[in-house]
Structure formats: C-alpha cells, structure tokens
Protein chains: 2
Amino acid sequence: MDDVQVKKLEQIAHRKKIRAGQPIISDEEPVDFFANVISGAIKLTKTLPDGRQQIVGLLFAPDFLGRAYSKNNPYSAEAATDVEICTFPSVAFERLVGEYPGLQRRLFQHTLDELDAARDWMLLLGRKKAEEKVASFLYMQARRSLLTAGVHKGTPGAAAFELPLTRSDIADYLSLTIETVSRQLTRLKTSNVIRLNTNRLIMVPDLNRLAQAAGQESGRI
Amino acid sequence: MDDVQVKKLEQIAHRKKIRAGQPIISDEEPVDFFANVISGAIKLTKTLPDGRQQIVGLLFAPDFLGRAYSKNNPYSAEAATDVEICTFPSVAFERLVGEYPGLQRRLFQHTLDELDAARDWMLLLGRKKAEEKVASFLYMQARRSLLTAGVHKGTPGAAAFELPLTRSDIADYLSLTIETVSRQLTRLKTSNVIRLNTNRLIMVPDLNRLAQAAGQESGRI
DNA sequence: CGACATGTTGAACCTCATCAACCGACGTGG
DNA sequence: CCACGTCGGTTGATGAGGTTCAACATGTCG
C-alpha cells in the first residue's frame, strides 16, 4: 500500500477502545463500518436459536473486520479481551476501495485466508478428539506468539505466551465444554507437553510434541 | 458480465467430463486451472494424516472451483457424482480477471459466500446433534432443489429431490459415521418428516417441520 | 449366479456432556 | 477489615449420544 493510500485511509479513520466482553457488531443490526484490529482479540460468534454458541473466527492485530458488499453480517463480533480498533465508515472506505484496486485485492486475499482458516477449523471441529482440539488451539496460539514476537526470543522449538481467551471462550471455539477444556489442559500439563504458570500463561517446551498432540504431523508451519 | 467478457471466456474454456469418485485436484499438487461446474456435484475434502476425513465444501452448478492468487490448494476436490466442468487455464483466466474488474468482484463475492457457508457449517459441526445435522443437510438440499427447479412444481412447502451424495459422503460432510446417518434418516422417516422412495430419492411433505428438526427456526430462506 | 459395493440394523463400548461440589481471586458493602 | 457474592477455573461421578464392531439386506454388474 503506497503513501497516498495510507494517508487517505488515516483521514477517514477513527480509533476506538472496547472493553472485554463488549459487543462490537451484532448479527441483527446492519453494520456501517470496517475496522482494523490494533490490539487485543475479537471473537466472531454464531448462535443457534436455543443459545448454543460457536466461535467461527478470531481476529488479532492486524486483522480486518468487516464484510464487503453487504450490510448484513451473518455473525456477531465481541471483544474477547480489551480491544483497540481503527474504524472506517463504510461509505468512505468503499469509495476508497473503488479507487484503489490494490486495496480490493488485499481484501480479497484476506477473505481467502479467512476461508482457509474456516475450513481448517471445520476439520478440527468435525474430526478431532478433545485433546487434539485443545492441543491444536494451543499450537495455533504458540505459532502466533512466535510470529508477533518477531524473531525467536527464546529457545528454538519452544514458545511461551498468554491465552487471549477464557476457558469458556476456548470451549466455544473448540466445540467443547469448559470442563473438558480444563481436563485436557491438565492432561497436557501432566504429560509435560505444556506448563501452566498461571491460568493464562502457557509454556511449550517442545512445539513438535504439541503439534503431534494436535494430530497434525510436526512438519507444517 | 457483458457479451465481450463471455466471448473471451469461451475462447479459453475447455469442457471436461469426470466420472463419480475421480479426483479433480489434490492438496499435494499445484493447480493450473479454474473451472465452472456445469452439472453434478463436487466435494472439497480435507484429510488428517491418519485418514480421518472432512468434507469442507460442496460445489454444484453454477459454482466456481479454483483458488485465486495461489497455486497451492489446501484441500482436495473430487467428483461426488458424474460431473461436467468447464475449465480455464490459470494464466489466461487471471489475465482476464486483470482486465475486467467486474470479474474480480464476482470472484470476491463468491468467496464471501463460501466463507459464510463455511461458518454456518462450523456451527453445525460443532453444536448440532446428529438428527439436527442430517435434517440440516436435507433441508439444504431441499431448498437447493426448489431453486434449481425454478418456480415450484409441486405443493408449496413441500419438496422432492435426489441426494447427490452417498451415505459415506454425507457422513464425511456432517462429521458422523455412515451408521449414524442411516439411523437418523430412518428416525426422520418414521416420524414422517421425510419419505424415502429409494435410497437416494427424498420426499419432504413439510419443509417447516424439516427446518424445525434441523434446529433452525423455520423462518429463514 | 456370485462378488462387490452400498445401506441397514443390533449390541457393546467410549468419549464427552452434564450435574455438582469445590477452590482461589477479586470487589463490594456493611 | 471482614463477610459475602461473584467469577473463572478445577475436579469428581454419572449418564447419554455416537462410535465401533459385526451381521445382514439389497442392488448391481460382470
């Protein structure tokens, strides 16, 4: 993205802080903005009429929130942690997208990535066991922590990070119950695949072992 | 899409017939074409190293097969029934997309729809019970049959159609076993929500009852 | 007709959900 | 300052929904 675009974006942008647990968009109301995640974690959720819930996506910085070509989001978004976002009014943003094809391309790319992630998750939801699910989630977070921390700041093959979700959110993400999440975490702990410093701080001594517990061959990034 | 575009598309297109069960693209080989589905059903699958499989998408006419901006498909595609597709070599197609922004927009739209569908399915995979899953699948097919049949050719609120998948594929789509699929079908049959003429021919006397069995309020299209 | 694929049905087992009790941390009001 | 409720999390006992294993039915094709 060149300087001109960045400038124009900044002109229409508006920063916003949101407390953990606060709703950001609802599946029942039209949405009139797009947003960039600056910090924190946002969960996208779907809910059955009787209240059963599923988290269908997680957004971290520098992810993008918003649905092109439609005001009707088929899901809700809620701050999972305290969140900072940078919003753009739909109208202005869409005009900008029209002017800069490169921007549309980026949005498209991003959507393709989200689709890939969603399909990966379908495999997890449908075919993995509870322990594999929890391990997969931890593995995903561990890799994310390595990326955001820049180059490795610890032993290679190891990782340490803070969970961005409560047990309840993890359960909704993995289609489990909080109890099962808790049990599987202690299982992974007692088998020395992970170490739990506090409830939220995770230490992974050997990423390959975690990947194996997750059911995916250790190879893939 | 205007006439010029259609003409250009036809120039680079190439028709192809594929027998049920034949692979179309593999997650291990790069893909060098895009395709339109003319007839039949294509399943997109993901597989765990140990063989557990999940269908992450179904394509029918006039759906689109192919991944923009990347040669590496993270999934495999296989003909679920006998299939007819219309392929376009990647190079020529991408050049065309570059020339006609409207075409890119359409691809984008299509990807957004796929993403919505994937997330809907995540809710189903994670939170629905076996009977709701099977009913949801049938409901989806029933609505599709109504759309493709044009205006209603039978009693309003009813539908009849042929299943495009074997029990085994349905199981892989819903994350169940063939046995469970079979049992739930007979349950729905004995409770008169559906009628099974042959193994593949389904009759739905009351779509609302089916929608209810699917766990979604009857309202939505 | 036999062989093979597809589908159904039954019985036993297992994973995970459910219900319930408990713990520690935190904040609030008396 | 302490009792209290609340929230997030852990642990245990029990049971149900689905898987697994196995037998059987049905249909199709050479």
Side-chain angles (χ1 to χ4, degrees), chain A residues 19-22 41 43 48 50-54 80-82 124-138 162-191 194-202 213 215, chain B residues 19-22 43 48 50-54 80-82 124-138 162-190 194-202 213 215:
Chain A
R19 291 234 147 266
Q22 293 306 307
K43 49 180 179 169
L48 248 19
D50 64 359
R52 283 174 284 176
Q53 197 175 67
Q54 176 67 45
T81 64
D82 286 353
L124 173 141
L125 291 176
R127 293 307 187 188
K128 288 195 178 177
K129 302 200 180 274
E131 185 174 1
E132 293 172 318
K133 285 183 179 183
V134 174
S136 296
F137 173 68
L138 295 177
E162 189 174 353
L163 286 178
L165 300 184
T166 65
R167 300 288 189 270
S168 170
D169 282 340
I170 298 175
D172 280 347
Y173 198 25
L174 300 174
S175 289
L176 297 170
T177 58
I178 37 180
E179 294 95 330
T180 303
V181 171
S182 179
R183 279 187 248 272
Q184 297 305 333
L185 280 173
T186 57
R187 270 183 64 119
L188 289 169
K189 186 171 57 177
T190 52
S191 59
I194 61 171
R195 241 169 290 164
L196 275 161
N197 298 22
T198 81
N199 281 339
R200 291 289 194 110
L201 277 178
I202 304 271
Chain B
R19 291 234 146 266
Q22 293 305 307
K43 50 180 176 169
L48 247 19
D50 65 359
R52 283 173 284 176
Q53 198 175 67
Q54 175 68 44
T81 65
D82 287 353
L124 173 143
L125 291 177
R127 293 305 187 188
K128 288 196 180 178
K129 303 203 180 273
E131 185 174 1
E132 293 172 318
K133 286 184 179 183
V134 174
S136 296
F137 173 67
L138 295 178
E162 190 175 354
L163 286 178
L165 300 183
T166 65
R167 300 290 189 270
S168 170
D169 282 339
I170 298 175
D172 280 348
Y173 197 26
L174 301 174
S175 290
L176 296 171
T177 57
I178 38 179
E179 294 93 330
T180 304
V181 171
S182 179
R183 280 186 248 272
Q184 298 305 333
L185 280 173
T186 57
R187 271 183 64 118
L188 289 170
K189 187 172 56 178
T190 52
I194 62 171
R195 241 169 289 162
L196 276 160
N197 298 22
T198 80
N199 281 339
R200 291 289 193 110
L201 277 178
I202 304 270

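Per chain, numbering begins at 1; letters A, B, ... match sequence-line order.
Two residues are said to be in side-chain contact when any heavy atoms from C-beta on lie closer than 4.5 Å; B:Ile202 and B:Asn197 fail this criterion. Between A:Leu174 and A:Val134, some side-chain heavy-atom pair lies under the 4.5 Å cut-off. Residues A:Leu185 and A:Arg167 are in side-chain contact: their nearest non-hydrogen atoms beyond the backbone lie under 4.5 Å apart.
Side-chain atoms of A:Thr186 never come within 3.5 Å of backbone atoms of A:Lys189 as a donor-acceptor pair (strictly under, hydrogens ignored). Using a distance-only test at 3.5 Å, with no hydrogens or angles considered, no donor-acceptor pair links the side chain of B:Gln22 to the main chain of B:Arg19.
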Taking it one step at a time, do B:Arg127 and A:Asp172 satisfy salt bridge (Lys or Arg N to Asp or Glu O under 4.0 Å)? CA-CA 9 Å; B:Arg127 293 305 187 188; A:Asp172 280 347; 3.1 Å; yes
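Within a 6.0 Å radius of CZ in B:Arg52, more than 12 heavy atoms belonging to other residues, nucleotides or ligands are found.
Computed from C1' positions of five pairs at each end, the angle between the two local axes of the helix from C:dC1-D:dG30 to C:dG30-D:dC1 equals 20°, rounded to 10 degrees.
Rounded to an integer number of Å, the gap from CG of B:Leu201 to P of C:dG7 is 13 Å. Look at NZ on A:Lys133: it is 14 Å from P on C:dT15, rounded to the nearest Å. Taking atom CG on B:Leu185 and atom C1' on C:dG7, their separation rounds to 10 Å, with Å as the unit. When the C1' atom of D:dT10 is taken as reference, atom CD1 of A:Ile170 falls 14 Å away, rounded to whole Å.
Partners of A:Thr180 according to the side chain to side chain donor-acceptor pair (under 3.5 Å) rule, which considers only residues two or more places apart in sequence or in another chain, are A:Thr177. With sequence neighbours excluded, no residue forms a side chain to side chain donor-acceptor pair (under 3.5 Å) with B:Arg200. Qualifying side chain to side chain donor-acceptor pair (under 3.5 Å) partners for A:Ser136, counting only residues two or more places apart in sequence or in other chains: A:Lys128.
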What protein N or O atoms touch nucleotides 16-20 of chain C N or O atoms at under 3.5 angstrom, if any, and at what distances?
{"residue": "C:dC16", "atom": "OP1", "partner": "A:Ala130", "partner atom": "N", "Å": "2.8"}
{"residue": "C:dA17", "atom": "OP2", "partner": "A:Thr177", "partner atom": "OG1", "Å": "3.4"}
{"residue": "C:dA17", "atom": "OP2", "partner": "A:Thr180", "partner atom": "OG1", "Å": "2.5"}
{"residue": "C:dT18", "atom": "O4", "partner": "A:Arg183", "partner atom": "NH2", "Å": "2.9"}
{"residue": "C:dC19", "atom": "N4", "partner": "A:Glu179", "partner atom": "OE2", "Å": "3.1"}

Is there any protein nitrogen or oxygen under 3.5 Å from a nitrogen or oxygen in nucleotides 7-9 of chain D, and what are the pairs?
{"residue": "D:dG9", "atom": "OP2", "partner": "A:Arg167", "partner atom": "N", "Å": "2.8"}

